[in-house]
**Student:** 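What follows is a structure written as structure tokens; I'll ask about it next.
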Amino acid sequence: MNEATLDRARGALVGGAVGDALGVPYEFGLRLGTSTEPVMRGGGLGDFAPGEWSDDTSMAMGVAMAGARHRTLGTAEALDDVAAGFLDWFESNPPDIGNQTRAVLGAVRRGASDDGVAIAMLHASQEHARGAHRAGGNGALMRTAPVALAHLDDRSGLADAARTVARLTHYDDDATDSCVLWCEAIRVAVVDAEIYVEAGLDLIDAGRRDFWAARLDEARDREPRAFTPNGYTVTALQAAASSILHTPGDGPDHLREALFTSIRIGDDTDTVAAIAGALLGARWGRSAIRGQWQDDVHGWPSRSGTPSRVADLVALADGLVGA
Ligand SMILES: [Mg+2]
């Protein structure tokens, strides 16, 4: 893999983490004005430290660690590792966790099962979705980027893995489709250095392809601020896509301004910015991301009391792509 491609692969993970930490202070808060620059000042729902990432990146770390270890996310063993990583994170008592993910992971932790942990989690997730719950939250989409990096040379393997990793907590067609679409967009950004959010439409089940084509048209046509509230996986994807598509320029300027736009939409700011940041980083590379942000981001998991930092994200990206 050449240096530019590797830089973009690293950018997918670093961009997601940076977007998350930048959006944390504004989650469900007052909408920022169009000239207000978001700052990584911590706080938010989980009272995070400045630069600390939240559940979005922590769960992505669970996916990335398993993917780097197995060099795929498409096997039962890798999926068990993802599920175990989610439980490790859950048992660390994270300050901020989505309702749906809390319900599913809580059910797995409490249940004794002879099955592998991934099978147990899939069952709990399916049970949750069968109840009177909306299962299409954005909590799977927010952590999907590492799946793309593990499958850069295999579109159909990417789609299968994106669906299965999503279903661990979000057993829902909208959630799985959004993960397939975003992963394929990230794959294309890393491999071909272009932003093409429709790239994965052919990987969606034929019966839902028109629905998604119309949603992506809306993201192209409508201003980013149209996509709020964005706790639903479809509007979260549209919010991120619209922010990226409606921001002019290229390189570091495009990455920064599109991230700011994604946060200024308001509502679930850290998650929308984490989603947007993954694709922006995949397109423009880690080298396009402000150095101070890279120095400041950190979070779960900690080893001997030391949180993970950008070097850990880079190492995981390298492991995922086999560099
Ligand atoms: Mg979050």
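Ligands are counted one by one from 1 in listed order, and the atoms in each one are counted from 1 as well.
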**Student:** To make sure I understand the geometry: which N, O or S atom in Asp55 is closest to the Mg ion (ligand 1)?
**Tutor:**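 Within Asp55, restricted to N, O or S, the Mg ion (ligand 1) is closest to atom OD1.
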**Student:** Can you confirm whether the side chains of Asn230 and Asn138 place a donor and an acceptor under 3.5 Å from each other?
**Tutor:**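 No, no side-chain donor-acceptor contact under 3.5 Å.
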**Student:** Answer yes or no as to whether an N/O/S atom of Glu27 is found below 2.8 Å from the Mg ion (ligand 1).
**Tutor:**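 Here the distance criterion (N, O or S atom, under 2.8 Å) is not met by Glu27, so no.
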**Student:** Quick one: salt bridge (charged side-chain N to carboxylate O under 4.0 Å, His left out) partners of Asp80, sequence neighbours excluded?
**Tutor:**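 Salt bridge (charged side-chain N to carboxylate O under 4.0 Å, His left out) check on Asp80 returns nothing, list empty.
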**Student:** Could you note down all residue pairs passing salt bridge (charged side-chain N to carboxylate O under 4.0 Å, His left out) where residues 299-322 supplies at least one of them, sequence neighbours left out?
**Tutor:**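 Found Arg10-Asp318, Arg303-Asp312.
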**Student:** Hey, is there an N, O or S on Ser54 sitting under 2.8 Å from the Mg ion (ligand 1)?
**Tutor:**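 An N, O or S atom of Ser54 is closer than 2.8 Å to the Mg ion (ligand 1), so yes.
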**Student:** Under a 3.5 Å cutoff, is there a donor and acceptor pairing between the side chains of Ser125 and Arg130?
**Tutor:**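 Checked: Ser125/Arg130 side chains show no N/O donor-acceptor pair below 3.5 Å.
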**Student:** Between the side chain of Thr271 and the main-chain N/O of Asp20, is any donor-acceptor distance below 3.5 Å?
**Tutor:**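 No; zero donor-acceptor contacts below 3.5 Å.
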**Student:** Between the Mg ion (ligand 1) and Asp96, is there an N, O or S atom separated by less than 2.8 Å?
**Tutor:**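 Here the distance criterion (N, O or S atom, under 2.8 Å) is not met by Asp96, so no.
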**Student:** The Mg ion (ligand 1) as vertex, arms to OD1 of Asp56 and OD2 of Asp270: angle to 10°?
**Tutor:**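 Nearest ten degrees: 90°.
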